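Given the structure is predicted, the values throughout are model-derived calculations rather than measurements. All values below come from the heavy atoms of this structure, side chains included, with hydrogens, waters and symmetry mates left out.
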Amino acid sequence: MFPRTHPRRSLKWRLTLCLALCLALGGGLSLSAGAAQSGLAYLGEELKALQADPFANPGLLWVDRGTALWQADPAPGVPACASCHGAPESLRALIPTLPRWNPATQRLENLEGLIRQCQSERQHQPPAPYESEALLALTTRLAQGARGLPLSDAIAPEAAPALARGEAFFRERRGQLGLSCADCHERYAGARLRGDRVSEGMINGFPIYRLTWQTLGSRHRMFRWCNEAVRAEPYPFGAEPYLELELFLRHRGAGLPLETPAVRR
Ligand code: HEC
Ligand code: HEC
């Protein structure tokens with residue numbers, strides 16, 4: 001199906017070799033047998049300190065931008081988020097339960113989707129595009145308001161098939177490298193891969209400030225990045241398979257405290 005060109009094959013070999021070496025060197029400390037651990041546990045001391053720093057954490061820039069956007073009228077005569085919702089913290093309890101099942105639409109909805117829906121239905125504005133600075137800022141501000149709350153395991157019975165599809169996606173081998181999410185984030189959790197220490201692939205820190213990106217990114221940006229890392233075709237932002245994956249990852253990481261904005265390598 002894929003043109004098996006020489007450079008790609010050699011890349012596959014390099015990665016396979018790297019993974020094999022990591023294991024051989026005893027770097028592959030699979031921690032998946034115990035309780036779920038945040039990506040924070042896999043960071044070096046410096047990045048841990050940066051995340052905890054109330055002034056230097058670079059993600060706080062988006063928190064401030066989010067506060068400003070929350071309070072501003074998007075256009076003359078159009079009410080701000082704040083004028084209907086009050087403080088961002090009023091939505092605190094919602095955040096750890098996302099994505100959630102909407103019985104009216106029979107679909108999953110995540111935080112980005114809910115914000116965009118309010119922008120179009122309540123403010124009658126064009127919704128901020130995925131991964132735009134505005135949507136990242138609002139998402140970060142709302143999630144930061146829920147810092148410390150544990151990811152919820154509450155899942156509507158109607159969402160059971162979506163949860164099962166999310167788990168199947170997580171365990172399915174994909175891309176030219178034929179690796180599943182579980183291969184890297186369960187089997188090789190703790191191993192070093194091209195400068196990164198592979199974590200358990202948890203979502204409690206998002207949006208995260210990633211040094212590799214030199215900016216903040218959403219959960220779906222991370223999924224796209226991880227898909228591309230194995231040479232698989234990524235899905236569009238907000239796509240159903242990514243919402244299902246997000247649901248499964250919430251379930252898988254239930255109990256982990258939200259730590260937005262997290263800092264990652
Ligand atoms: C080739 C190995 C590999 C595969 C396969 C892979 N990832 Fe990742 N993933 C990484 C690396 C490397 C990072 C960055 C280091 C880290 O945080 O683990 C990462 C980071 C993440 C993070 C961020 C963790 C945090 O604490 O910020 C999430 C979430 C994630 N991956 C989810 C997935 C999902 C879902 C899949 C399957 C679609 C997947 N990954 C497949 C290598 C992989
Ligand atoms: C004109 C009033 C109004 C404005 C302005 C508004 N919203 Fe809403 N929003 C609502 C209403 C009403 C709901 C539905 C509440 C419910 O179902 O409990 C809602 C729901 C939400 C939800 C889901 C809450 C939940 O518990 O289900 C989020 C998140 C949200 N809005 C974010 C925003 C953001 C971000 C903005 C600004 C970009 C915004 N809203 C602007 C009225 C508004």
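A donor-acceptor distance shorter than 3.5 angstrom exists from the side chain of R116 to the backbone of A128, with no hydrogens or angles considered. Using a distance-only test at 3.5 Å, with no hydrogens or angles considered, a donor-acceptor pair links the side chain of H185 to the main chain of S199. Without hydrogens or angle criteria, E200 side chain to Q37 main chain gives a donor-acceptor distance under 3.5 Å. Side-chain atoms of R250 come within 3.5 Å of backbone N or O of A154 as a donor-acceptor pair. No side-chain donor-acceptor contact under 3.5 Å links D196 to the backbone of V198. A donor-acceptor contact shorter than 3.5 Å is absent between the side chain of R192 and the backbone of R197. Side-chain atoms of N57 come within 3.5 Å of backbone atoms of Q51 as a donor-acceptor pair (strictly under, hydrogens ignored). A distance-only check finds no donor-acceptor pair linking the side chain of R174 to the backbone of A232 [under 3.5 Å]. At distances below 3.5 Å, at least one donor-acceptor pair connects side-chain atoms of S90 with backbone N or O atoms of H85. Side-chain atoms of Q106 come within 3.5 Å of backbone N or O of P103 as a donor-acceptor pair.
Contact detail for P74 and Q123: the closest heavy-atom pair is CG-NE2, 3.6 Å. When every heavy atom of N227 is checked against every heavy atom of P234, the shortest pair comes out as OD1-CA, 4.0 Å. For the residue pair S218 and F237, the shortest heavy atom distance occurs at OG-CE2, 4.1 Å. When all heavy atoms are compared, the tightest approach of T260 to A143 is OG1-CB, 3.6 Å.
Taking CG of L114 as the start and OG1 of T139 as the end, the distance is 10.0 Å to the nearest 0.5 Å. Rounding to the nearest 0.5 Å places CG of N204 at 4.0 Å from OG of S38. The CH2 atom of W70 sits 8.0 Å away from the CD1 atom of I115 when rounded to the nearest 0.5 Å. Here the CD1-CG distance, from I155 to L247, works out to 4.5 Å after rounding to the nearest 0.5 Å. Between atom OG1 of residue T140 and atom CD of residue E133 there is a gap of 9.5 Å, rounded to the nearest 0.5 Å. Taken to the nearest 0.5 Å, the CG atom of L98 stands 9.0 Å off from the CD atom of E112.
No side-chain heavy atom of R264 sits under 4.5 Å from any side-chain heavy atom of Y209. Considering only heavy atoms from C-beta on, T215 stays 4.5 Å or farther from R210 through its side chain. Residues Q119 and L138 are in side-chain contact: their nearest non-hydrogen atoms beyond the backbone lie under 4.5 Å apart.
For K48 and E45, the salt-bridge test passes: some basic side-chain N is under 4.0 Å from an acidic carboxylate O. With respect to the salt-bridge test (charged N to carboxylate O, under 4.0 angstrom), the residues R147 and E259 do not qualify. A salt bridge does not link D153 with R252: every distance from a Lys NZ or Arg NE/NH1/NH2 to an Asp or Glu carboxylate oxygen is 4.0 Å or more. In this structure, R171 pairs ionically with E186, as a charged nitrogen and a carboxylate oxygen lie closer than 4.0 Å. Ion pairing of R107 with E240 is present here, as a side-chain N (NZ or NE/NH1/NH2) and a carboxylate O approach within less than 4.0 Å. Using a 4.0 Å cut-off between a side-chain N of Lys or Arg and a carboxylate O of Asp or Glu, R224 and E131 do not qualify as a salt bridge.
For S120 and Q125, the side-chain atoms include no donor-acceptor pair closer than 3.5 Å. Defined by atom type and a distance below 3.5 Å, a donor-acceptor pair is present between the side-chain atoms of H220 and E246. Side-chain atoms of N102 and E109 form a donor-acceptor pair, as typed in the model, at a separation below 3.5 Å. If you check the side chains of R122 and Q117, you find no donor sitting under 3.5 Å from an acceptor.
Ring geometry for Y235 against Y242 counts as perpendicular: the plane angle is over 60°, on a 0 to 90° scale with 30° as the lower cut.
Both I203 and L91 are members of a single hydrophobic cluster when ILVMFWY side chains are connected at heavy-atom separations under 4.5 Å. One hydrophobic cluster, built from ILVMFWY side chains closer than 4.5 Å, cannot hold both V78 and L69; they sit in different ones. Under the 4.5 Å side-chain heavy-atom criterion for ILVMFWY residues, no single connected hydrophobic cluster contains both L43 and W213. L211 and L136 fall within the same hydrophobic cluster, defined by Ile, Leu, Val, Met, Phe, Trp and Tyr side-chain heavy atoms under 4.5 Å apart, directly or through other members. When hydrophobic clusters are built by joining Ile, Leu, Val, Met, Phe, Trp and Tyr residues whose side-chain heavy atoms come closer than 4.5 Å, directly or via intermediates, L216 is grouped together with L50.
Around CZ of R173, the count of heavy atoms belonging to other residues, nucleotides or ligands within 6.0 Å does not exceed 12.
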request  = Take F55 and L60 through the side chain to side chain contact (heavy atoms under 4.5 Å, CB included) test and state the conclusion after the steps.
outcome  = CA-CA 8 Å; F55 300 104; L60 295 172; over 6 Å; no
